[in-house]
Every structure is written in C-alpha cells, then in structure tokens.
Amino acid sequence: MLSDAQEELKKRVLKILDLLEKEHPDARIALKFSNPLELLVATILAAQCTDERVNQVTRSLFKKYRSAEDYARADLATLEHDIKPTGFYRKKAQRLKEVCQILVEKFNSEVPRTMEDLLSLPGVARKTANIVLSNAYGVNEGIIVDTHVLRLAKRLGLTQSKTREKIERDLMEIVPREKWGRFADLLIFHGRRVCNARKPKCEICVLKDLCPSRATFST
DNA sequence: CTCCCGATAT
DNA sequence: ATATCAGGAG
C-alpha cells in the first residue's frame, strides 16, 4: 500500500542520497578488514565502541588470530586481554570464541553468506549480519540500522517507529534496494562528521533545508 | 528494561 | 557529572 506520504518520503530519500553522495563521495565503512572473518570480528568488537578504537585493537589482533580455529581454541583470559580496550571485553571475548567454535563445527570455518545462518550465531543480530553481508559479500538482505542510521533516520523524519527492526523495515520500503548499502554508508559517515548525537553541526549540513529537526538543533 | 565496559566529549 | 561510542542478550 503506497500512500502519498510514502511517495513523498521516497523522493526525500533520493534527494538525501544525492546530496550526501556529493558531500561524502568517499564515505565507506571505517572498520579495517581484509576478509569476511576479520569484518565479523571487527563488527562484534564495535558494539558501543568507536571504530577508531576497534581498528587500533584489530591491527595487532588480526596478526595473532588468523583463522576461526585460532579464536576457537584461544585461552579466554588471553583473548579478553587482547580486546580489552573495546569495552564489554568479557562478553565480547566469550562471543568471539563461541562464534568461531560454531564456524569451525558447522560452517567449515567460514563466515556464512546468508542472513539466517549469521543470525544463528551468538552475539550476531541484524545490524552485524547486515554489515557482513553488505561489506564482505555485497549482498543486500536488509539495511544496516546502527546508532547513526537510527538517529539520522529519526531526525530526517524518515521513520516514526521506535525499534530498530521496525525502522529497518520502514527504510527498506522507501530506499531503492540497490542503494541500501550506500544509504547506510552515507548516513553513518554523515552522522559521524556532521549530524553528531551530542552537538549536530546544522549550520554546515547539506541536508538542513530538508531536515525537520533543524530548528531544534540550530544555535 | 538492564547489564555488559571503559575512554572521551561536553 | 553525564551522554555517547558502527549492540545484543536476558
């Protein structure tokens, strides 16, 4: 069912994509990785942690742990120490080890390529799965709804929904499927550089003329 | 909803 | 002091 309001939202999305593409042509995932396993590990570590800190940790981590087997047989206390600066380190170490044990046992030591298999892994929900599918395998199963996409989608008036899963469905209806990956990259990049959580820089924002939240934030 | 974790910005 | 950082589970 396509209401007029939804058609308007689709137009607004295209405008946003166009403006952000011109503003941030180099927008790209900030996590550093060289294969699907490294991306999965980096994304798990990225929960409530800046990508910069994750990259700092993974630079040495990826030299020490090169395969799913390496994590699967790691000493838990050692792994905790190796990822400590990313925060939540006990839970993250436990999940990394458990996830990699499952990869070894059930997935031939490889990172799954389907949403269903990824979601079966402990500590992997839709946000993490979408990042891996999109950035490691070029698959658009859904739209990454992380803290930035969540915040910007609300501020830009693209959704009124509360939960991540509803917001993802809302966005999937108004963003062209071939742009799902690009949409997330651009919103995340813009969210980090301009539309911050704390103090959004509305005065330099290329979206200010179409942003319903602009007045709220202007100084 | 809380908990998990700690560094940093405001 | 408090909110936030490419969240997910109980």
Side-chain angles (χ1 to χ4, degrees), chain A residues 20 24 26-33 36-59 61-62 76-100 102 111-112 115-137 140-156 161-168 171 175 180-202 216-217 219:
Chain A
L20 289 184
H24 313 294
D26 52 340
R28 199 188 162 281
I29 184 169
L31 296 172
K32 291 183 179 170
F33 64 99
L37 177 64
E38 288 189 356
L39 178 58
L40 177 60
V41 171
T43 306
I44 289 173
L45 294 179
Q48 293 294 294
C49 176
T50 61
D51 51 353
E52 205 169 327
R53 188 171 304 278
V54 172
N55 288 334
Q56 200 173 325
V57 165
T58 55
R59 186 153 68 158
L61 188 74
F62 291 162
L76 202 50
T78 304
L79 186 54
E80 286 175 5
H81 173 263
D82 291 337
I83 66 169
K84 199 159 192 169
T86 66
F88 298 161
Y89 58 90
R90 279 193 289 266
K91 193 150 290 184
K92 286 176 181 175
Q94 180 190 350
R95 284 176 179 170
L96 279 183
K97 179 164 179 164
E98 197 178 345
V99 162
C100 286
I102 294 172
V111 177
M115 177 66 77
E116 186 184 357
D117 286 344
L118 283 167
L119 292 181
S120 76
L121 302 172
V124 177
R126 288 194 64 90
K127 176 252 168 184
T128 300
N130 275 326
I131 288 179
V132 171
L133 288 173
S134 174
N135 291 284
Y137 296 132
N140 287 323
E141 282 275 327
I143 294 178
I144 298 164
V145 180
D146 72 333
T147 184
H148 299 297
V149 173
L150 185 74
R151 183 179 67 252
L152 268 67
K154 285 182 182 172
R155 286 183 178 171
L156 289 167
S161 300
K162 308 274 185 184
T163 70
R164 285 187 190 220
E165 286 171 6
K166 279 186 187 172
I167 290 173
E168 184 180 356
L171 294 176
V175 179
W180 285 0
R182 197 60 192 148
F183 176 80
D185 276 343
L186 287 168
L187 258 64
I188 290 163
F189 202 87
H190 192 65
R192 289 170 13 125
R193 296 289 189 83
V194 181
C195 193
N196 305 330
R198 299 254 195 162
K199 197 182 176 194
K201 301 169 184 167
C202 299
T216 309
F217 296 116
T219 52

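Chain identifiers are assigned alphabetically (A, B, ...) following the order of the sequence lines, protein sequences preceding nucleic acid strands; residue numbering begins at 1 within each chain.
In this structure, A:Arg164 places its CZ atom 15 Å from C1' of B:dC1, rounding to the nearest Å. A straight line from CD1 of A:Ile188 to C1' of C:dG7 spans 13 Å, rounded to a whole angstrom. In this structure, A:Leu152 atom CG and C:dC5 atom P are separated by 11 Å, rounded to whole Å. Computed from coordinates, the A:Ile29 CD1 to C:dA6 C1' distance equals 7 Å when rounded to whole Å. Computed from coordinates, the A:Leu150 CG to C:dT4 P distance equals 12 Å when rounded to whole Å. A:Glu168 places its CD atom 14 Å from the C1' atom of C:dG7, with the value rounded to the nearest Å. Nucleotide C:dA6 holds its P atom 18 Å from the CG atom of A:Leu40, rounded to whole Å. One interatomic measurement links the two molecules: CD1 of A:Ile131 to P of C:dC5, which rounds to 14 Å at whole-angstrom precision.
A:Thr163 meets the side-chain hydrogen bond (donor to acceptor under 3.5 Å, both in side chains) test with no other residue; sequence neighbours excluded. A:Phe189 pairs by the ring-ring contact (aromatic ring centres under 6.0 Å, His included) definition with A:His24, not counting sequence neighbours.
Contact between A:Ile102 and A:Pro122 at its shortest, heavy atoms only, is CD1-CD, 3.5 Å. Across A:Ile188 and A:Ile144, no two heavy atoms sit closer than the pair CD1-CG2, 4.4 Å. Residues A:Asp82 and A:Val57 share a closest heavy-atom pair of O-CG1, 3.4 Å. Listed here is the closest heavy atom pair of A:Lys32 and A:Phe62: O-CE1, 3.6 Å.
For C:dG8, the OP1/OP2 oxygens have a side-chain nitrogen or oxygen of A:Thr128 closer than 4.0 Å. Under 4.0 angstrom from either OP1 or OP2 of C:dA6 there lies no side-chain N or O belonging to A:Thr147.
Projected onto DNA chain C by closest heavy-atom contact, A:Leu121 and A:Arg28 fall at different nucleotides, the more 5' of which corresponds to A:Arg28. Looking at which nucleotide of DNA chain C each of A:Asp185 and A:Pro122 is closest to, the 5′-most match is held by A:Asp185.
Screening A:Thr86, A:Ile83, A:Leu96, A:Val54 against A:Ile44 for a side chain to side chain contact (heavy atoms under 4.5 Å, CB included) leaves a single residue, A:Leu96.
For the pair A:Pro112 and A:Val132, the minimum side-chain heavy-atom distance is 4.5 Å or more.
Nucleotides C:dT2 and B:dC3 have their P atoms positioned 16 Å apart, rounded to a whole Å. C:dG8 and B:dT8 have their P atoms separated by 24 Å, with the value rounded to a whole Å. Comparing C:dT4 with B:dT2, their P atoms sit 15 Å apart, to the nearest whole Å.
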What one-letter contact string describes nucleotides 2-10 of chain B from 5' to 3', where B marks a base within less than 4.0 Å of any protein heavy atom, S marks contact via sugar-phosphate atoms alone, and - marks no contact? --BBBSSBB

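When heavy atoms are screened at a 4.0 angstrom cut-off, A:Ala42 is found touching no nucleic acid atom at all. Residue A:Ile44 is classed as having no contact, given no heavy-atom separation below 4.0 Å to the nucleic acid. Here A:Val149 lies out of heavy-atom contact (under 4.0 Å) with every strand.
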